[in-house]
Amino acid sequence: MKKTFVVTGGNSGLGCQCAKNIAMESADNHVVIASRNMERSERAAANIAGETGNPHIYAMPLDLASQASVRDFAETFASRDLPPLYGLVCNAISGSGPSKPEYTEDGFEMTFATGHLGHFLLANLLLKNMQGGGRIVFVSSDQHDPPRMIATISYTDALDIARSRCNKHAVRYSLTKLCNLYCAYEMAERAVNNISVNAFNPGFMADTGLGGGAKSVGEKIIKRLAPLLARLMGKYSTAQISGKLLAEMMTGPRYEGVTGKYFDRGREARSSELSYSKANAVNLWERSMELTKNAHGPQKE
Ligand SMILES: NC(=O)c1ccc[n+]([C@@H]2O[C@H](COP(=O)([O-])OP(=O)(O)OC[C@H]3O[C@@H](n4cnc5c(N)ncnc54)[C@H](OP(=O)(O)O)[C@@H]3O)[C@@H](O)[C@H]2O)c1
């Protein structure tokens, strides 16, 4: 059966490997690469089509930092003559570089706005197009529960995260990755039509833009040591390995009907105690509805 999959951030790193593996699985799988840089996305689509022999790979512009862009993407997607939407991989994130927070045109902190809020809006808008039994995966991270030497986080209210003035990128990133889990768990409960929603941890991948980028000398030293530490702690991976495991969550029969779970590189795992706070998940959901002026979304009675 012909199906469409959307992968945000599908033009590089984990997302690109995921898109390639979905494409490779069947020529009936149509894959939309949704990122900002269209030149890179078109190149990635052509490479994937060439490598897999699957011609149904498309690039479509999406900037998760702009709610207008997310809405444009959803409209364009609905107008395209594609097979029914079956899978959505919420993978992209930006705002990973500077220690000083940056803000989107909508006025929200960049890491949270792209990693969570944009995906929240996108998923809710695309749900209308999604076929029964479809699958959504939110890419989270080990860093949703950071070691103390990296960051200490607490969740108060999503509004505090959206308007954060915190100067530590590690804190903003960890809170966003925690929000990916709240969002996945809450959406899994609210989703109708047998749509499953899960979260994924790819482990530490030194070979992606996120894992590989380092600017200051200190950052470069940490980035050099990080793969070694990740290996010692059993957290090491590559985009190739984790991309394949992420694609399997979209297409593999073993994930059929599985929902509301967290998978660490293919193995079901428990996320942090904080990530199971129902009150925080509901707070994030309700605030996200307000912040995206989103009247749609899956609404179970
Ligand atoms: N790397 C790691 O070690 C690691 C560990 C744990 C979790 N993760 C998670 O894995 C996911 C993928 O990370 P990665 O390491 O593969 O990063 P990456 O190589 O930097 O890729 C990021 C992708 O996101 C896209 N993107 C960035 N900002 C965007 C925006 N505003 N709107 C739409 N697309 C945007 C980029 O394309 P454009 O620039 O063209 O938009 C790119 O395709 C992230 O959720 C990250 O938190 C990574």
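Atoms within each ligand, like the ligands themselves, are counted from 1 in listed order. All figures in this text were calculated on a predicted structure; none of them were measured in a lab.
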Notebook entry, point to check: How far apart are the C-alpha atoms of R287 and D157, what are their side-chain angles, what is the distance that settles it, and do they pass the side chain to side chain contact (heavy atoms under 4.5 Å, CB included) test?
Noted result: CA-CA 8 Å; R287 292 300 196 196; D157 187 310; 2.9 Å; yes
Checklist line | F120 and W285: CA distance, side-chain angles, deciding distance, ring-ring contact (aromatic ring centres under 6.0 Å, His included) verdict | finding: CA-CA 9 Å; F120 173 85; W285 189 273; 4.9 Å; yes
Check: Passes side chain to side chain contact (heavy atoms under 4.5 Å, CB included), E286 versus V282? Steps please.
Finding: CA-CA 6 Å; E286 287 173 356; V282 170; 3.6 Å; yes
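For ligand 1, the atoms closer than 4.0 angstrom to any heavy atom of L62 are 32 (N), 33 (C). Set against the non-hydrogen atoms of P202, the atoms of ligand 1 under 4.0 Å away are 6 (C), 7 (C), 8 (N). Atoms of ligand 1 lying under 4.0 Å from at least one heavy atom of D63, given by number and element, are 30 (C), 31 (N), 32 (N). Interface of S140 with ligand 1, defined as ligand atoms under 4.0 Å from a residue heavy atom, comprises 7 (C). Of all atoms in ligand 1, numbered sequentially from 1 with element shown, those under 4.0 Å from a heavy atom of G13 are 16 (O), 19 (O). The contact set between ligand 1 and S141, taken as ligand atoms under 4.0 Å from a residue heavy atom, comprises 6 (C), 7 (C). Below 4.0 Å from some heavy atom of S35 lie the following atoms of ligand 1, by number and element: 34 (N), 37 (O), 38 (P), 40 (O), 41 (O), 43 (O). Short contacts between ligand 1 and A65, defined as distances under 4.0 Å to a heavy atom of the residue, involve ligand atoms 31 (N).
In terms of polar-atom proximity, defined here as any N/O pair under 3.5 Å, S41 makes no such contact with ligand 1. Considering backbone and side-chain N/O of T114, none are found under 3.5 Å from N/O of ligand 1. Checked by distance only, ligand 1 and S12 come closer than 3.5 Å through their nitrogen or oxygen atoms. The N/O atoms of G9, backbone and side chain alike, include one that comes under 3.5 Å of an N/O atom in ligand 1. No N or O atom of A92 sits closer than 3.5 Å to an N or O atom of ligand 1. Not a single N or O atom of A206, backbone or side chain, sits closer than 3.5 Å to an N or O atom of ligand 1. Between F204 and ligand 1, a contact under 3.5 Å exists for no N or O pair.
Using a 4.0 Å cut-off between heavy atoms, K177 contacts ligand 1 through its side chain alone, with no backbone atom that close.
The shortest heavy-atom distance from G203 to ligand 1 is under 4.0 Å. Residue M38 places every heavy atom at 4.0 Å or more from ligand 1.
Of the options N180, L14, V7, the smallest heavy-atom separation from atom 16 (O) of ligand 1 is shown by L14. The residue from E39, R36, M110 that puts a heavy atom closest to atom 29 (C) of ligand 1 is R36. Selection from T238, T8, N91 by nearest heavy atom to atom 44 (C) of ligand 1 gives N91. When the heavy atoms of F73, F138, Y236, Y173 are ranked by distance to atom 8 (N) of ligand 1, first place goes to Y173.
The pair K278-E189 meets the salt-bridge criterion, since a charged nitrogen lies less than 4.0 angstrom from a carboxylate oxygen. For E39 and R43, the salt-bridge test passes: some basic side-chain N is under 4.0 Å from an acidic carboxylate O.
With sequence neighbours excluded, the residues forming a ring-ring contact (aromatic ring centres under 6.0 Å, His included) with Y86 are F5, listed by chain and number. Under the ring-ring contact (aromatic ring centres under 6.0 Å, His included) criterion, Y276 pairs with Y185, sequence neighbours left out.
Taking CG from L175 and CG from D160, the interatomic distance works out to 10.0 Å, rounded to the nearest 0.5 Å. Here the CG atom belonging to L126 is positioned 6.0 Å from the CZ atom belonging to F73, to the nearest 0.5 angstrom.
The cationic group of R80 lies under 6.0 Å from the six-membered ring centre of Y58 and within 45° of the ring axis, placing it in a cation-pi geometry.
The aromatic rings of Y173 and H169 sit tilted, their planes meeting at an angle between 30° and 60°.
Heavy atoms of other residues, nucleotides or ligands lying less than 6.0 angstrom from CG of N193 number more than 12.
Panel note: side chain D63, backbone R36; no donor-acceptor pair is recorded below 3.5 Å.
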